[in-house]
Amino acid sequence: MRLSKTFVPTLKEIPNDAVVPSHILMLRTGMVRMLSAGIYSFLPLGYRVIKKVCEIVRQEMDAIGGQEFHLPALNPKEIWEETGRVEAFGDILFHVKNRDYVLAPTHEEIMTFHARNVVKSYKDMPQIWYQIQTKFRNEPRPRSGVIRGRQFLMKDSYSFDVSWEDLDKSYMLHDEAYRRIFTRCGLKFFVVGASSGAMGGTGSEEFMVKSEAGEDTVAYCESCGYAANVEVATSKVSSPERETESKQVYEIHTPNVKSIDELCEFLKIDESVCAKSRIYISNNQPILVLMQGNDEVNETKLEKAVGSTIRPAHPDELKEITGADAGSIGPIGFNGRIISDLRLKDRNNLFSGANKNDYHIGGIDFQRDVKNIDYADLRVVQSGEGCPKCDSKLEVFPAIELGHIFKLGTKYSESMKAYFLDENGKENPIIMGSYGIGIERVVACYIEQNHDTKGIVWNKALAPFHIHLISINPKNEKVKNVSDEIYDSLTKSGFEVLYDDRDASPGFKFNDADLLGMPIQVIVGEKKLKDNLVECKIRKSDERFDVELNNLHSKLKELLDSLE
RNA sequence: CGGGGCGUAGCUCAGCCCGGUUAGAGCGCCUGGUUCGGGACCAGGAGGUCGGAGGUUCAAAUCCUCUCGCCCCGACCA
């Protein structure tokens, strides 16, 4: 395509509303423009990238036997009421005002609708149905450009099987296909197993990419691949052993000492001998939670340990429950349920609050002084702690969810009555799986991982064009003619060429080329042309070298083959 | 939904606190000329209901009220 005739509105300055690199660069390169919060138009260059991702997804989905559908975004509300998801989605679901339709936020119901009464025999399965379609979700807070939008492209597929064993197969096929898709796209990703067992034997995996723009926090071990959402992640940490001799409990006057750090400073002790107190409320009953030192309470783990939902107590409740304010609360004299992190299990000679403002207590022995104490892993893991699976260290960082594969089981087939007859003529619900990939997120994550100060660095797989041809001074007739010839012949030979034939200064064109980031730049200038040479530049490595005109095709082919 | 920030030319922003000729700059855009290997130069030019509505005032981009939009943090996230 000729840049002089193509709509690629590049921006020299950073748009005011963009913060994360992918968002900034997608705007600056003219890939996208915002229409409204969380709603983006893809411009020609951006849409080319989207189509490349879709094609990779399509190839890999087809390779595992997937069949592509195209489903409506406009859905009758009553189908969504069959599974109770109108209520489950709540405000996230867009409702159409003048008819009883909703805008589909995903398509389990619609796929199940097509399967029921049609996929009636065990002989009809397995099936894998997929589509690449726009989804609508009324996100309360769209952010980070295309990463969290109210309207987005999703590849979603659904498997239909006769048994749990067969579901495992469909699930594994997706797992492998997803790894191939993200690898082909050039993404550094990892897989988080999020199996909770909450739905009876179901499992799920999230495909994640490390990113500052991420909305999930994960713990990851580079050496063994252990990865877990920080809500459930565990780690190996050491703590002091129980000391052989327990001191007596004694009260200490600690004026204005509130935090663990202040307490350690005041008493010249280590934080590992401190039991930090937090009060939570569950079913209107207070629970005292004890953590070692500055360890943070992981509320997800706490809920699991307690067995019901919890919330932190309000400041005024603290006084009422314990007689003290935050900073002076402790287990001695506390009337109610006490649960402690495993790090403090059976410890003695600990320091904690006295349930009296400005006082702490030392010499606490959990075995002797704290009756009915429960123990559980309640910590939020932190970077640098030991991996639970190997001897390496964990890293904790934010990440973006690119894809999710999920064993649905019979939730939808049962509620929507999608039954089949097995070999014995017995009726059973279809066993389903559901698998999604955020297409725009793939693009945004690629940019997050592959950019420098000048702009995007595309790989061969996703680049909107492979070659960026630049003519320096197209007013020079020879330069113009040779550039035109190169463009025509390369295009005819099947190369994907973006041709900057604009009448602009060289620096302007070079900077635009680096910003747009095609893998190879071919630069046609007057000086080198005298020797029948043009310059090639590899965007990623900044390598440059001269190529003879009549060798250009073979050299470019060679370069493209060698590039990722 | 809570907290914070912002809305002035296509883009980035100044002016607002302390009201007062014709609302500015840089970049971009248009015309002509020069230039052409890392965001060129000269000359001329177009472009604004200062997000919107109401109010205070002799006078509002500026002060007040309401409203809409966008960004960030939090809550939420099948």
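Hydrogens, waters and symmetry mates play no part in the numbers below; they use all other heavy atoms, side chains included. Just so it is clear: chains get the letters A, B, ... in the order the sequence lines come, proteins before strands, and each one is counted from 1.
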inquiry  = Please give the distance between the C1' atoms of C50(B) and G44(B) as a whole number of Å.
reply    = 27 Å

Picking from C36(B), G38(B), C72(B), the nucleotide nearest the side-chain atoms of Lys537(A) would be G38(B)

Review point. What interatomic distance, in whole Å, is found between C1' of G24(B) and the corresponding atom of U8(B)?
Key: 10 Å

Would you check if there is a donor-acceptor pair between the side chains of Asp514(A) and Gln521(A) at a distance under 3.5 Å? yes

In whole angstroms, the gap separating P of G74(B) from CD of Glu299(A) amounts to 15 Å

Open item on the list: Any donor-acceptor pair, under 3.5 Å, between the side chain of Arg544(A) and the base of G38(B), if you only look at N and O atoms?
Closed with: yes

* To do: With heavy atoms under 4.0 Å as the rule, sort Pro105(A) into base, sugar-phosphate or nothing.
  => nothing

Between OH of Tyr412(A) and P of A78(B) the distance, given in whole Å, is 11 Å

Of the listed C73(B), C27(B), C71(B), the closest approach to the Lys12(A) side chain comes from C27(B)

Asp500(A) CG to C36(B) P, in whole Å, measures 18 Å

Between Met26(A) and Thr29(A), the two heavy atoms sitting closest are O-OG1, 3.4 Å

Answer for the Watson-Crick or wobble partner of A14(B), both distances under 3.5 Å, is none

pair_partner(C50(B)), Watson-Crick or wobble, both distances < 3.5 Å, evaluates to none

Suppose you measure atom P in G51(B) against the same atom in A14(B); what distance do you get, rounded to whole Å? 13 Å

Base, sugar-phosphate alone, or nothing: which one does Ser144(A) contact when heavy atoms must sit under 4.0 Å apart?
sugar-phosphate

Taking a pair to mean Watson-Crick or G-U wobble geometry with both distances below 3.5 Å, C63(B) pairs with G55(B)

Heavy-atom nearest pair, Ala463(A) first then Trp458(A), reads CB-CB, 3.5 Å

| When all nucleic acid strands are considered with a 4.0 Å heavy-atom cut-off, which category describes Asn476(A): base, sugar-phosphate, or nothing? | nothing

All heavy atoms of Val396(A) vs all of Gln382(A), minimum pair found to be CG2-C, 3.6 Å

Query - Any N/O donor-acceptor pair, Asn473(A) side-chain to C36(B) base, under 3.5 Å - result: yes

| query | Where the side chain of His107(A) meets the backbone of Pro72(A), is there a donor-acceptor pair that is under 3.5 Å apart? | reply | yes

Separation of U35(B) atom C1' from Lys527(A) atom NZ, nearest Å, is 13 Å

Applying the 3.5 Å cut-off to both distances, the Watson-Crick or G-U partner of U22(B) turns out to be none

On RNA chain B, more 5' by nearest nucleotide between Ile92(A) and Ile14(A) is Ile14(A)

With the side chain defined as heavy atoms from C-beta on, Phe510(A) is closest, among C71(B), G37(B), G28(B), to G37(B)

query: What about Arg148(A): does its side chain form a donor-acceptor pair under 3.5 Å with the base of C77(B)?
result: yes

Euclidean distance for P, U56(B) against C16(B) (whole angstrom): 25 Å

From CZ of Arg150(A) across to C1' of C70(B) the rounded distance in Å is 11 Å

Angle between ring planes, Phe397(A) versus Tyr220(A), binned at 30° and 60°: parallel, tilted or perpendicular? perpendicular

Next on the checklist: Classify the ring geometry of Phe495(A) against His553(A): parallel below 30°, tilted from 30° to 60°, perpendicular beyond 60°.
Outcome noted: perpendicular

Have a look at Arg28(A) and say if it touches a base, only the backbone sugar-phosphate, or nothing, with a 4.0 Å heavy-atom cut-off. base

Assign Leu11(A) to base, sugar-phosphate, or nothing according to its heavy-atom contacts below 4.0 angstrom with the strands shown. nothing

Testing G39(B), G38(B), U12(B) for proximity to the side chain of Pro15(A), the answer is U12(B)

Item to check | Contact under 4.0 Å: Ser505(A) side-chain N or O vs U35(B) OP1/OP2 | outcome: no

_So Val19(A), base contact, sugar-phosphate only, or nothing? Heavy-atom distance under 4.0 Å._
sugar-phosphate

_Just to be sure I understand the rule, does Lys135(A) reach a base, reach only the sugar-phosphate, or reach nothing, if contact means heavy atoms closer than 4.0 Å?_
nothing

**Asked** Contact class for Lys509(A) vs. all strands (heavy atom < 4.0 Å): base, sugar-phosphate, or nothing?
**Response** nothing

Mate of G2(B) across any strand shown (Watson-Crick or G-U wobble, both atom pairs under 3.5 Å) is C73(B)

Atom CD of Glu139(A) and atom P of A78(B) are separated, to the nearest Å, by 10 Å

- Taking the P atom of each, how far is G48(B) from A23(B), in whole Å? 12 Å

Against the side chain of Asp17(A), the closest entry in U12(B), C70(B), G39(B) is C70(B)

Re A9(B): Watson-Crick or G-U wobble partner, both distances kept under 3.5 Å, found to be none

> According to the interplanar angle, ranging from 0 to 90°, do the rings of His114(A) and Phe69(A) count as parallel (below 30°), tilted (30 to 60°) or perpendicular (above 60°)?
Replying inline: tilted

* Using a cut-off of 4.0 Å on non-hydrogen atoms, how would the nucleic acid contact of Asp514(A) be classed: base, sugar-phosphate, or nothing? -> base

task = Could you measure between the two P atoms, the one in C76(B) and the one in G2(B), and give it in whole Å?
result = 16 Å

| field | Phe152(A) six-ring centre to Arg441(A) NZ/CZ under 6.0 Å and within 45° of normal | value | no

5'-most contact on RNA chain B (nearest-nucleotide basis), Ala37(A) vs Gln521(A), goes to Gln521(A)

Item checked: Rounded P spacing from G54(B) to C71(B) in Å -> 28 Å

Margin query: Any N or O donor-acceptor pair under 3.5 Å from the base of G26(B) to the side chain of Glu13(A)?
Written below: yes

Atom CD of Glu401(A) and atom C1' of C76(B) are separated, to the nearest Å, by 15 Å

Would you mind classifying the nucleic acid contact of Glu526(A) as base, sugar-phosphate or nothing, using non-hydrogen atoms under 4.0 angstrom? nothing

Applying the 3.5 Å cut-off to both distances, the Watson-Crick or G-U partner of C41(B) turns out to be G33(B)

Q. In terms of side-chain heavy atoms, does Ser159(A) have a donor or acceptor partner in His174(A) at a distance below 3.5 Å?
A. no

From CG of Asp546(A) across to C1' of G37(B) the rounded distance in Å is 12 Å

Hey, does the side-chain of Arg141(A) have a donor or acceptor N/O within less than 3.5 Å of a partner on the base of A75(B)?
no

Requested in this report: Give one of base, sugar-phosphate or nothing for Asn511(A), where a contact means two heavy atoms less than 4.0 Å apart.
Outcome: base

Check the phosphate of C70(B) against Asn16(A), side-chain N and O only, distance under 4.0 Å to OP1 or OP2. Yes or no? no

Say you pick atom C1' in A75(B) and the same atom in U57(B); how far apart are they, in whole Å?
44 Å

